[in-house]
Amino acid sequence: MIRTVESAPHASAPVLAAYSYCEAVTGQQARNFAYGIRLLPTPKRRAMSALYAFSRRVDDIGDGALTDDVKIARLEDTRELLTRIRDGKVDEDDIDPVAVALAHAADTFPIPLGGLDELIDGVLMDVRGETYETWDDLKVYCRCVAGAIGRLSLGVFGPEPGARGAERAPEYADTLGLALQLTNILRDVREDAEGGRTYLPSDDLAKFGCSTGFSGPTPPEGSDFAGLVHFEVRRARALFAEGYRLLPMLDRRSGACVAAMAGIYLRLLDRIERDPEAVLRGRVSLPGREKAYVAVRGLSGLDARHVTRRTVSRTVRRRA
């Protein structure tokens, strides 16, 4: 039986302490994510914090200064821990608070933990230095590191019972994850290049004369860098438009959480579109007051209502 929030298993003192640890990690390290999950009821907020803390651990292994062999070994150790969690072999008094919290969250909500296996697979792609020739190639990576997180989050949010089109909710959650990840890739293009990583598809880079990379605060000589950025922004916007169809399927507070997180990234995308070279000069970000505004807008339901109206309008046009 799938448990609801109301029938969630009792949280003991060790479990509550484990959740507190995960929430502290989330508050300290997840600047955009934290704004969204503040809008959730306590059980969902705790579960999302557990998911974030485990995901953060995986990401930190991939981004750390260890040798590749050690990174791969640690990622596989983390996969073994995930298997223990999935098999119900993590006790409440386990010394790993992230494992304790995630095990409790997975016992409370129908979280598809296989998504965390996909995340590990994606980080292994980073460690091995994979590059991507086409958008279809890059989508495989984005689905591992972000689409999977969307589907995991949906396990906590859950579509509302009887929501129209709910069978497509995992698809929309996955697509929204792709939109967020492509925005991240645009924002971090120089930082990634300095770390020896290139994510944008080689085909796109060649098309706009950017194959030499982004090692400085100015675009490659003779390139159409603005054209490249605007091309990728349009792709990201199309993904957001599709992924936002998830919002009307969620309850008010879950929808507000998703709208807040997605809204922050959409505003980042707006800034990048207005000044493409900003991503070469430094990290593009939003001030806290603007993030708070996006969160309030999400809680008001404006984004969900807008998406609902747009979806109905499209349906009517198709039938006409």
Side-chain angles (χ1 to χ4, degrees), residues 29-36 56 59-60 62-63 122-123 125-126 129-135 137-147 149-150 175-241 243-244 260-291 293-294:
Q29 301 189 42
R31 287 168 292 185
N32 294 333
F33 186 81
Y35 271 89
R56 180 82 253 174
D59 285 341
D60 285 346
D63 292 337
V123 174
M125 294 166 76
D126 278 337
E130 293 197 24
T131 55
Y132 309 97
E133 292 292 325
T134 67
W135 168 237
D137 296 333
L138 180 58
K139 275 197 295 189
V140 174
Y141 169 77
C142 291
R143 285 210 159 94
C144 285
V145 299
I149 301 301
T175 301
L176 200 53
L178 264 63
L180 299 178
Q181 185 62 24
L182 183 53
T183 304
N184 267 338
I185 287 171
L186 285 172
R187 181 195 64 188
D188 298 339
V189 65
R190 182 180 174 188
E191 181 181 328
D192 289 333
E194 290 174 345
R197 293 176 180 171
T198 301
Y199 291 103
L200 290 175
S202 299
D203 284 359
D204 295 352
L205 296 176
K207 179 179 178 181
F208 293 95
C210 295
S211 296
T212 56
F214 314 105
S215 57
T218 57
E221 186 175 351
S223 69
D224 181 11
F225 181 73
L228 171 68
V229 170
H230 290 151
F231 178 79
E232 303 298 348
V233 165
R234 288 193 296 273
R235 175 176 279 158
R237 288 196 188 284
L239 293 168
F240 273 114
Y244 257 58
M261 289 188 285
I264 287 170
Y265 278 83
L266 268 172
R267 286 169 185 267
L268 282 174
L269 206 60
D270 289 341
R271 292 190 172 208
I272 292 169
E273 184 176 36
R274 287 195 299 268
D275 183 9
E277 292 187 25
V279 298
L280 298 179
R281 297 192 297 268
R283 176 174 281 236
V284 178
S285 61
L286 300 184
R289 65 181 181 278
E290 191 167 349
K291 293 179 183 179
Y293 168 77
V294 175

So which atom in [X] and which in [Y] form the shortest heavy-atom distance, rounded to 0.1 Å?
X	Y	answer
G209	S223	O-CB, 3.1 Å
C210	P220	CA-CG, 4.2 Å
V284	A278	CG2-CB, 4.0 Å
G243	T175	N-CG2, 4.0 Å
A146	Q181	CB-CB, 3.5 Å
E133	P201	O-CB, 3.7 Å

*Got a donor-acceptor contact below 3.5 angstrom from the D192 side chain to the V189 backbone?*
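No, D192 side chain to V189 backbone: no donor-acceptor pair under 3.5 Å.
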
*asked:* Between R237 and D270, does the side chain to side chain contact (heavy atoms under 4.5 Å, CB included) criterion hold? Intermediate values first, please.
replied: CA-CA 10 Å; R237 288 196 188 284; D270 289 341; 2.6 Å; yes

Quick one: are [X] and [Y] in side-chain contact, heavy atoms under 4.5 Å?
X	Y	value
Q29	D60	yes
D204	R235	yes
V145	M125	no
D224	H230	no
P219	L280	yes
R187	S285	no

*Residue pair L269, L182: steps toward the side chain to side chain contact (heavy atoms under 4.5 Å, CB included) verdict*: CA-CA 10 Å; L269 206 60; L182 183 53; over 6 Å; no

Rounded at 0.5 Å granularity, tell me how far [atom1] in [X] sits from [atom2] in [Y].
X	Y	atom1	atom2	result
R283	L268	CZ	CG	9.5 Å
N184	E191	CG	CD	10.0 Å
D137	T131	CG	OG1	8.5 Å

_Pair D203 + K207: basic N to acidic O under 4.0 Å_ =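 No, this pair does not count.
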
*asked:* Using the rule given for side chain to side chain contact (heavy atoms under 4.5 Å, CB included), can you reason through I185 versus E232, listing the C-alpha separation, both sets of side-chain angles and the distance that settles it, and then say yes or no?
replied: CA-CA 10 Å; I185 287 171; E232 303 298 348; over 6 Å; no

_Can you classify the ring geometry of Y141 versus Y132 as parallel (below 30°), tilted (30 to 60°) or perpendicular (above 60°)?_
tilted

_Going by ring-ring contact (aromatic ring centres under 6.0 Å, His included), F225 matches just one of F208, F231, F214. Which one?_
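Only one of F208, F231, F214 forms a ring-ring contact (aromatic ring centres under 6.0 Å, His included) with F225, namely F214.
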
*For side chain to side chain contact (heavy atoms under 4.5 Å, CB included), just list the numbers for R143 and L178, CA-CA rounded to whole Å, side-chain angles, deciding distance to a tenth of an Å, and then say yes or no.*
CA-CA 6 Å; R143 285 210 159 94; L178 264 63; 3.5 Å; yes

